Amino acid sequence: MNTIENLTSPAPAALVQIRRVRKSFGAHQVLRDVSLEVHAGTVTVLLGPSGSGKSTLLRCVNHLETIDGGRIVVNGELIGYRQTGNKIHEMTPTQTASQRRGIGMVFQRFNLFPHMTALENIVEAPVGVVGRSRAAARERAMTLLARVGLAEFAHHYPAQLSGGQQQRIAIARALAMEPRVMLFDEPTSALDPELVGDVLDVMKELARDGMTMIVVTHEIGFARSVADQVVFMDGGVVVEAGPPSQLIDDPQRQRTRAFLESVM
Amino acid sequence: MTVIAPPQGSQRLSNADDVDAVPRRHPWRWSGAVALLVILALFLYSVVTNPNLDLVTIGRFVADKRILVGVGLTVLITLIAMVVSTLLAVLLAAMRLSKNPVLSGAAWFYVWIFRGTPQIVQIVLWGYLGLLYQKLTLGIPLTEIVFWQVDTNDLINAFVAGTLALTLNQAAYSSEIVRAGMISVDDGQREAAYSLGMSPVYTLRRVLLPQAMRMIIPPMGNETISMMKSTSLLMVIAVPEVYTAATAISAQNLKQVEMLVVASIWYLFMTTVLSIPQYYLERRYGRGSSHALPPTPLQRLRRVLDRSKPGVEPAPPTQTTKVIAE
């Protein structure tokens, strides 16, 4: 285990610590020295124009993307790497897989497994990865399905469900692993406008229940009402961060103001 | 928003509007069918009355012991070759998709060799393996240590050589089918599996392969049928499968055409039986697909039988609906 001892931040230590992360795709630098902290039980919303690096940053948190430098620590564990001196070495896929169990992710395109029913989608990882009993996993899955308001769709295949329903099942699937933190990568961007509300309602309820969440979204209304911290990114750097009352209603930087005016 | 105005002056519905639609007649379909049936009847008549075609011989040899043994061998070789070549194909496809250039290069080279040379040449070559290597040895290279050694011709008899040739050749074709199936699965599936803490192997087994199967099964059904027929090529190295057996018999009784008919009857029967599992596999892996699944042979049969039974009652006559447009 890679427990980081000398934390410089004041106690209690942040659940997710992103420190000076750098990342390039070829010659294009997507993340330039990004640092960010997310405390347990809080909601962080990442805003920014497309290509600003916010989705990439999110995907680095559960190591779907490698990083070129810096460190990402979740719940005291360095994610995807082992540190020796001032170098970090990438771990094996199996080691990374076990770290990812504690980090749930919800995708823009839902990515439900199309050959499994809603229930099978939710049960698969708890049974196959953690080794829970099928009966216990099914019971928990039914509770989660009820929580996202889709109990009667347990035996439907994804193709038989609307986008909004699929996304709520994807949320339930991620929650079944009992993650410490949930990552949402533009969860409502692929939905018909009338279905966005249902998904946002589920997310709001999660936030109320104290789930730690990092959300990449263009829903300014959601950010304003739910976020504890709003982060505006552009060109691979954090331009400005703060509570919604400050960042959304009274942005300090010209770039932030221009972006907010264009989306609101 | 455009508002569609009610049509002017056509609100009154009269009996003149209550007409029945008659489907278009198809006289050419009927005349075409009749012409074909006449040609077919003439052909059958010429076959049955042909003094050069000995139907009695066909009847006698269709269940001849040598033929039946040949049929068994054909089925056995087809099954072994398909199962082993499919496993090999998954390995080759995984190698080909690997980021390691040596692995993907090796897989490419394999496909290049086996797809680029005629199958019959490969079969004869495996039959002659003993000319190339007199002995096959399992030991530590460059030392005198030998665990196991065998004379090539003892191990690689005609059956083994033939099965090996068909398996290795088929693996090259199947690997491309498997690879196409794997590529067809959206990359988001892998990411979703990884984000749930699944390992790469688990992801492949539970998430990617089952989805790839939907793309893989129809062409693999084709390949299986093609394999069954390709076993006849093994005649060149004297594997006593059904075609070899038929030719051997015709060499004795000089009934060449009759024995070819016997072999053809068996090939037709076997390929028909072989195409049945495909329906069930397609349905198994088609779960969750929005496309309608093909009916199984059983369902088709039931549908045909149901056709003779009285169907659902005809719908009640349509009633004129009053259009309110005032």
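Here the structure is a predicted model, which is why all the values come from computation and not from measurement. All chains are named by letter (A, B, ...) in the order of the sequence lines, taking the proteins before the strands, and each is independently numbered beginning at 1.
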Can you check whether anything in residues 54-66 of chain A gets within less than 4.5 Å of chain B, heavy-atom wise, and list it by number? A:R59, A:N62, A:L64
Do B:M182 and B:L209 have side chains that approach each other closer than 4.5 Å (heavy atoms only, starting at C-beta)? yes
Does a sphere of radius 6.0 Å around CE in A:M142 hold more than 12 heavy atoms from other residues, nucleotides or ligands, not counting ones at 6.0 Å or beyond? yes
Select one option (side chain, backbone, both, neither) describing which atoms of A:E124 are under 4.5 Å from chain B's heavy atoms. both
Most contacts with chain A, counted as non-hydrogen pairs under 4.5 angstrom, among B:E191, B:Q211, B:M198: B:E191
B:Q278 and B:E282: side chain donor to acceptor below 3.5 Å: yes
Name the region of A:P158, side chain, backbone, both or neither, that has any atom closer than 4.5 Å to a heavy atom of chain B. neither
Count the heavy atoms belonging to other residues, nucleotides or ligands that lie under 6.0 Å from CZ of A:R132, then report whether that count exceeds 12. yes
Taking the six-membered ring of A:F113 (Phe, Tyr or Trp), confirm whether the NZ or CZ of A:R173 is under 6.0 Å from its centre and within 45° of its axis. yes
Can you tell which part of A:M105 gets under 4.5 Å to a heavy atom of chain B, answering side chain, backbone, both or neither? both
I'd like to know if A:R140 and A:E178 make a salt bridge, using a cut-off of under 4.0 Å between side-chain N and carboxylate O. yes
Given that the side chain runs from C-beta out, which part of B:Y194 has a heavy atom under 4.5 Å from chain A: side chain, backbone, both or neither? both
Where does A:L183 contact chain B at under 4.5 Å (heavy atoms): side chain, backbone, both or neither? neither
Is chain A contacted by the side chain of B:R190, its backbone, both, or neither, given a heavy-atom distance below 4.5 Å? neither
Distance alone, cut at 3.5 Å: any donor-acceptor contact between the side chains of A:Q108 and A:D185? no
Are side-chain N/O atoms of B:T167 and B:Q170 paired as donor and acceptor at under 3.5 Å? no
How about A:R82 and A:Q95: does a side-chain donor come under 3.5 Å of a side-chain acceptor? yes
